[in-house]
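First the structure, in the form of structure tokens, and then the observations on it.
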Amino acid sequence: MEPEMVRLPIHEHWLTPARDNRWGKCCGLQFKTISDGYNCRKCRYFFHKSCSNCPKEINHPSHKCDKNLSLITNFASWSVRCRTCKETIQPYIQNYECQRCEFNIHLDCFKYPPPKVIDFPQNHDHKLKLEMVRSSFTCFTCGKGGSGYPYKCHECDLAFHVDCEKYGAEVNHPSHSLHTLKLITGKPPAYTDGNCSLCGKKIFDEMFYHCSACNFTLDLRCVSLPPPLNLHDQNTHNHELTLMPKLISFTCTTCGLHGDRSPYVCLQCNFTSHNNCSGFPWVININRHDHRVSRTSLLGIIDSVCGVCRKKMDWSCGGYSCKRCSESTFHTKCATREDVWDGIEMKDEPEEDEPMEPFEVISEGIIRHFSHIEHNLRLDKSGTFVEERSCKACAYPIYHDPFYSCMSCDFLLHENCAKHPTRKRHVLSNKPYILHASQRNYSKCKACGVFFNCFIYGTFPFGLDVRCASFSGSLVHPSHQHPLFYTSPKGVCSACNKETSHVLRCVEDKCGYALDFKCALLPHEVKHRVDDHFLSLCYGERDASGKYWCDICEKETDPTKWFYTCKDCGVTLHTNCVLGDFRGLEPETNIVLDDDRMQMTLYETVRNNSMSRPVCYKCKYHCIFPIILKVTDEDKYFCSISCCDIKTLPFYN
């Protein structure tokens, strides 16, 4: 039975009740345990129940303007800081704002307002109390006038802005009962590690609390919202746990990862856990494995590495494992990363249906593929080079690899492309991708950035081409002696030296080798009209001397960078000159592009195989790439992406 949907002030769409521990798009926090809340199926947002009924407008003691604060979503492209905690308000997070004076505060800071009483003020010797009646006053600390809810000393009849006095000069904190913590402004002392002793986050605040005798530091959030001193969570451990608030090295029994501060401990069991390792789901889907994985408090004797970070698993600790594949194990924190897990607890939920097979076997070597159901396809393993014909799935030519050809028309598929599943999980999304055999127009691959118009996993404009979608966790590449893995986004490619959003890394100690998807999946062998032989991909020659020239663009090549070469003829060719910007577009098809004036133009993708090369309409040079664009019914050719003026498309960056 579907849960009843509700409307709440915090969001414009209908919401469905849910239990989760994802980051809340309301306050920007992630609770330490699974909490009640609401999902927006349209936006895929999760809102905590404790945030969902916050009023649309409020008054706040720190706000000096007479206008109310309104609940909004932060869409600002610039940095917006909360006036209460001084931290940045993250994009797409709910907050309260005064549009007149640009006053913003976190939803979380509204729920946890300034203390009603300050026992040790920064700039006064007596206790201060927060007034609950709005008034006009002159702040004793800064000397400026104000109108609002001040702190007041009734002994001296003095008033103070909340922002000037909300943090006491000293605090008695439950996590450090031995000494009081003193308020410090500026940077942390050099002898500290610059991080909060409880949560481990870097101290970015202008103010924090510190005990110099014990080298104990707290950021402002942990002063207000510390982890409890005692925790009894049956999902984590059977006994009550005690917080040990100090810098100490340990291995977390819950997640198997190293920790360096303030764990929860159970002395009778020798149990140690990060203070934020609780409330993990029991059964989940992740993008590193095709089956569901289940959480266990003890992995048992295994010899495996985590399928996300590729570091060795500690079998004496907890983690996630697949019941079907015993070697597939994952650290608890790695498996529940926001870019790995879809945020949904699958315990007691029925298993998903198996995806439809991509083809039906008619007889030996003959299939009917879902993308071409009108005819049967026959497997050809002869290794024959098919001149100027390309695969309908990936748009790359048919060389020596086995392929399926239609028995009634010119439809072709690489054998490997024909086997691509109709649904699969991929490291670039925590949701499964669905395979579509056609597109409305064209897309830019989310992994490699190449424009393509053939088979697509996902939907326009954020899909994957089938070559990038075929990455299944590891890649053995001829350019490197170790396998490459996708452990985390962003990095610099060792082949092209460009920073990119997605890289495959070598996980060997101090190696640092990485390839982006575009370079990692360059074809190892290609054919080009400039040479009668097949060209091989060369991964750079460090000891090369002399000058090398590309026979296509007639410009100098750097032999230390990757290039295509013919071993018989000795040519050196730029990889992009051989393949071109439109390598992923199927020849002899139509696409529609928006130019820099947002005018739509119909183009044809054509092979650049005529005796004389056409001249590019934009750059006025002869088109050198194998696939170029031609304006339909006009004699206008374009050789590259930059010449087509399509940088303004919303997904280009």
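Since this is a predicted model, take the numbers as computed values, not measurements. Just the heavy atoms: all of them, side chains too, but no hydrogens, waters or symmetry mates, feed the values below.
With respect to Glu351 and Arg292, a salt bridge is recorded, a charged nitrogen being found less than 4.0 Å from a carboxylate O. A salt bridge does not link Glu352 with Arg423: every distance from a Lys NZ or Arg NE/NH1/NH2 to an Asp or Glu carboxylate oxygen is 4.0 Å or more.
In summary, the aromatic rings of Phe385 and Tyr399 are positioned with their centroids under 6.0 Å apart. Phe563 and Tyr539 have their aromatic ring centers separated by at least 6.0 angstrom. Between His524 and His477, the ring centre distance stays below 6.0 Å. Under the 6.0 Å cut-off for aromatic ring centres, His480 and Tyr513 qualify, their centroids lying closer than that.
Looking only at distances, no side-chain donor or acceptor of His331 sits under 3.5 Å from a matching main-chain atom of Cys306. At least one donor-acceptor pair closer than 3.5 Å links the side chain of Asn287 to the backbone N or O of Ser429. Although no hydrogens or angles enter the test, the distance criterion places a donor-acceptor pair under 3.5 Å between the side chain of Ser494 and the main chain of Ala514. When atom types are taken as modelled, the side chain of Glu345 and the backbone of Lys347 share a donor-acceptor pair closer than 3.5 angstrom.
Of the residues listed (Arg368, His369, His375), the one engaging His372 in a side chain to side chain donor-acceptor pair (under 3.5 Å) is His375, and it is the only one.
Under the 3.5 Å distance criterion, with hydrogens and angles disregarded, a donor-acceptor pair is assigned to the side chains of His533 and Asp531. Defined by atom type and a distance below 3.5 Å, a donor-acceptor pair is missing between the side-chain atoms of Ser612 and Ser610. A donor and an acceptor atom, one from each side chain of Ser304 and Thr329, are located under 3.5 Å apart. Side-chain N/O atoms of Thr589 and Asn453 include a donor and acceptor closer than 3.5 Å.
Under the 4.5 Å side-chain criterion, counting only non-hydrogen atoms from C-beta, Lys419 is not in contact with Pro358. A 4.5 Å side-chain heavy-atom check between Asn497 and Lys561 finds at least one atom pair inside the cut-off. A heavy-atom distance below 4.5 Å is found between the side chains of Ile366 and Met407. Residues Leu257 and Thr251 have side chains not in contact (no heavy-atom distance under 4.5 Å, counting atoms from C-beta outward). Taking 4.5 Å as the limit, every side-chain heavy atom of Val615 sits out of range of all side-chain heavy atoms of Tyr617. Trp549 places none of its side-chain heavy atoms less than 4.5 Å from the side chain of Thr572. Residues Thr253 and Ser273 fail the side-chain proximity criterion, which asks for heavy atoms closer than 4.5 Å.
Cation-pi geometry between Arg310 and Phe485 is met: the NZ or CZ atom falls under 6.0 Å from the ring centre, inside 45° of the normal. Within the cation-pi definition used here (under 6.0 Å to the ring centroid, within 45° of the axis), Arg467 qualifies as a partner of Tyr396. Because its NZ or CZ atom is not both nearer than 6.0 Å to the ring centre of Tyr621 and within 45° of the ring axis, Lys618 does not count as a cation-pi partner of that residue.
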query = Going through the checks in order, is the side-chain hydrogen bond (donor to acceptor under 3.5 Å, both in side chains) test met by Tyr486 and His502?
reply = CA-CA 8 Å; Tyr486 187 87; His502 307 289; 2.9 Å; yes

